[in-house]
**Student:** 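Mind having a look at this structure? Questions to follow.
In this chain, numbering begins with 1 at the start of the sequence shown. Just follow the structure's listing: the first ligand is 1, and inside any ligand the first atom is 1.
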Amino acid sequence: MRRKIVAGNWKMNGSTGLVEHLVGYVRSEVSCLDNGVEAVIIPPALYVRDVKSLAGDELSVGVQNVACWESGAYTGEVSAAMAKDCGCRYALVGHSERRQLFGETDAAVADKVAQLMSQGLNAIVCVGETLAEREAGQAEETVSAQVRKALAGVSGAEWQYVVVAYEPVWAIGTGKTATAGDAQAMHQAIRQVLKDLGAPADTMSLLYGGSVKADNAAALFAEPDIDGGLIGGASLVAQDFMSICQAMPAGTGR
Ligand code: 13P
C-alpha cells in the first residue's frame with residue numbers, strides 16, 4: 001500500500017517563532033483528519049529538534065539535505081546518522097535548488113541515497129526538468145535519467161525507504177503548476193522506470209511539487225499515480241498547509 005504524504009519543505013525560511021506557531025496547530029488539526037495522510041515538516045536543520053519536540057506522533061520530521069559521507073572532517077555538513085539520531089524519518093535529496101545552486105550531481109545524489117539507506121531513513125528523491133528541457137521535448141528523458149542515476153544502487157528491502165518527488169523546475173516558486181494531467185503522465189513514466197529498476201513500484205509513493213496550493217491540491221491528488229505533495233511556500237502558512245493535507249482523498253491508499 002502506498003503512503004499518502006504531504007511534506008512541507010521550509011527551505012531557508014522560518015524561525016523559532018514559526019515553529020511554535022505552526023507545529024502545534026498542524027499537529028492538532030492533522031490528528032482530526034481521517035484520510036490517512038502523513039504530514040511531514042522539513043525545516044532548516046537547526047530547527048529539527050524544536051519541531052520534533054512539538055510534533056508528537058502525529059507529525060513526521062525531515063531534513064532538507066544530508067552529506068554524501070558517513071562522518072568526519074566535512075565542515076558544515078549534517079549526516080544521515082545525525083538526522084536519524086535527532087528523530088527525523090525523512091530526508092530530501094537532489095532538490096533542484098541543491099542541484100542548481102550548489103552543483104549537486106546525480107552521483108552525489110546517489111551517494112546521499114546510499115547514506116540514507118544505511119540508516120533506514122526515508123529518502124525523498126527530487127527530480128524534475130527545466131523549462132528549456134520541457135520545451136525541447138526532453139522532459140521525460142531528463143527525469144527518467146535522474147531517477148535511474150539516483151537509485152542505481154538501491155536494492156531489495158531498501159526500496160521501502162524510497163519516495164520520489166517530481167518537481168518541474170519551472171513550477172517551483174513561480175505560481176505555475178503542471179496540469180494534473182501532465183503531472184500524472186510524468187508520475188506514470190517514473191513508476192515505469194522504477195519497475196525497470198526492479199523496484200516494487202506499485203507500492204511506492206510518488207509526490208508532486210511545484211506551486212502546490214490549497215486550491216490546486218485536490219485535482220493533483222485525485223490522479224492515480226500522485227500519492228502526495230512536496231510543498232514549498234504554502235507550507236509556511238499553517239492554514240494553507242492544513243488545507244493541502246485535507247485535500248488528500250480519503251481511503252486506505254492505492
Ligand atoms: P513551491 O511550493 O514554493 O513552488 O516550492 C516547491 C518546492 O520546491 C518544494 O520542495
**Student:** Parallel, tilted or perpendicular: which describes the rings of Tyr166 and His187, with under 30° parallel and over 60° perpendicular?
**Tutor:**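 Taking His187 first and then Tyr166, their aromatic rings stand perpendicular (interplane angle over 60°).
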**Student:** Among the clusters formed by ILVMFWY side chains lying less than 4.5 Å apart, do Val30 and Val61 turn up in the same one?
**Tutor:**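 As far as the 4.5 Å side-chain criterion goes, Val61 and Val30 are connected within one cluster.
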**Student:** Quiz question: by atom type and distance under 3.5 Å, do the side chains of Glu38 and Ser60 form a donor-acceptor pair?
**Tutor:**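 The criterion, which ignores hydrogens and geometry beyond distance, is satisfied for Ser60 and Glu38.
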**Student:** Is the closest heavy atom of Gly210 to ligand 1 under 4.0 Å?
**Tutor:**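 Judged by the 4.0 Å heavy-atom criterion, Gly210 does count as contacting ligand 1.
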**Student:** Given that the side chain starts at C-beta and the backbone is N, CA, C, O, which of these parts of Asn9 lies under 4.0 Å from ligand 1, counting heavy atoms, or is it both or neither?
**Tutor:**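 For Asn9, the contact with ligand 1 is made by the side chain alone.
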**Student:** Report yes or no: does Lys213 have a heavy atom closer than 4.0 Å to ligand 1?
**Tutor:**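 For ligand 1, residue contact (heavy atoms, under 4.0 Å) with Lys213 is absent.
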**Student:** Return yes or no for this condition: an N or O of Lys11 is under 3.5 Å from an N or O of ligand 1.
**Tutor:**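 Yes, at least one N or O pair falls under 3.5 Å.
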**Student:** Could you tell me if Glu129 and Trp170 have a donor-acceptor pair between their side chains, going purely by distance under 3.5 Å?
**Tutor:**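 Their side chains do contain a donor-acceptor pair, which is all the 3.5 Å distance test asks for.
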**Student:** Show which atoms of ligand 1 fall inside a sub-4.0 Å distance from at least one heavy-atom site of Ser211.
**Tutor:**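 Those of ligand 1 that fall under 4.0 Å from Ser211 are 1 (P), 2 (O), 4 (O).
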**Student:** Is there a nitrogen or oxygen of Ile172 sitting under 3.5 Å from a nitrogen or oxygen of ligand 1?
**Tutor:**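 Not met; the criterion fails.
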**Student:** Considering heavy atoms of the protein only, find what lies nearest to atom 2 (O) of ligand 1 and give residue, atom and distance to 0.1 Å.
**Tutor:**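 Sorting protein heavy atoms by distance from atom 2 (O) of ligand 1 puts Gly232 N, 2.9 Å first.
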**Student:** Taking C-beta and beyond as the side chain, do Leu18 and Tyr47 meet within less than 4.5 Å on heavy atoms?
**Tutor:**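 No, every pair of side-chain atoms sits at 4.5 Å or beyond.
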**Student:** List in chain and number order the residues that pass side-chain hydrogen bond (donor to acceptor under 3.5 Å, both in side chains) with Thr177, two or more places apart in sequence or in another chain; answer none if no residue qualifies.
**Tutor:**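 For Thr177, the residues satisfying side-chain hydrogen bond (donor to acceptor under 3.5 Å, both in side chains) (neighbours in sequence not counted) are Asn216.
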**Student:** Report, as yes or no, whether the 6.0 Å neighbourhood of atom CD on Glu70 holds more than 12 heavy atoms from other residues, nucleotides or ligands.
**Tutor:**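 Atom CD in Glu70 is not packed in, count stays at 12 or less.
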**Student:** Starting from atom 7 (C) of ligand 1, which protein heavy atom do you reach first, and at what distance in Å?
**Tutor:**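 That would be Glu167 OE2, 3.0 Å.
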**Student:** Within less than 4.0 angstrom of ligand 1, does Gly173 place any heavy atom?
**Tutor:**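 The answer is yes: ligand 1 sits under 4.0 Å from a heavy atom of Gly173.
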**Student:** Check ligand 1 against His95 and write out every atom of the ligand that is under 4.0 Å from a heavy-atom position of the residue.
**Tutor:**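 Within the 4.0 Å cut-off of His95, ligand 1 contributes 7 (C), 8 (O), 9 (C), 10 (O).
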**Student:** Are Asp227 and Lys4 close enough, and set up right, to give a salt bridge (charged side-chain N to carboxylate O under 4.0 Å, His left out), and what steps lead you there?
**Tutor:** CA-CA 5 Å; Asp227 307 304; Lys4 301 191 285 185; over 6 Å; no
**Student:** Just let me know how Ala171 lines up against ligand 1, side chain, backbone, both or neither, with a heavy-atom cut-off below 4.0 Å.
**Tutor:**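 The backbone, only.
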**Student:** Return yes when Ala7 approaches ligand 1 closer than 4.0 angstrom through a heavy atom, no otherwise.
**Tutor:**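 For ligand 1, residue contact (heavy atoms, under 4.0 Å) with Ala7 is absent.
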**Student:** Does an N or O anywhere in Gly233 fall below 3.5 Å from an N or O of ligand 1?
**Tutor:**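 By distance alone, the answer is yes.
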**Student:** Which of the atoms of ligand 1 are close to Leu230, meaning less than 4.0 Å from one of its heavy atoms?
**Tutor:**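 Taking each heavy atom of Leu230 in turn, ligand 1 has 9 (C), 10 (O) under 4.0 Å.
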**Student:** Heavy-atom count around Leu101 CG within 6.0 Å, excluding the residue itself: above 12?
**Tutor:**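 More than 12 within 6.0 Å, yes.
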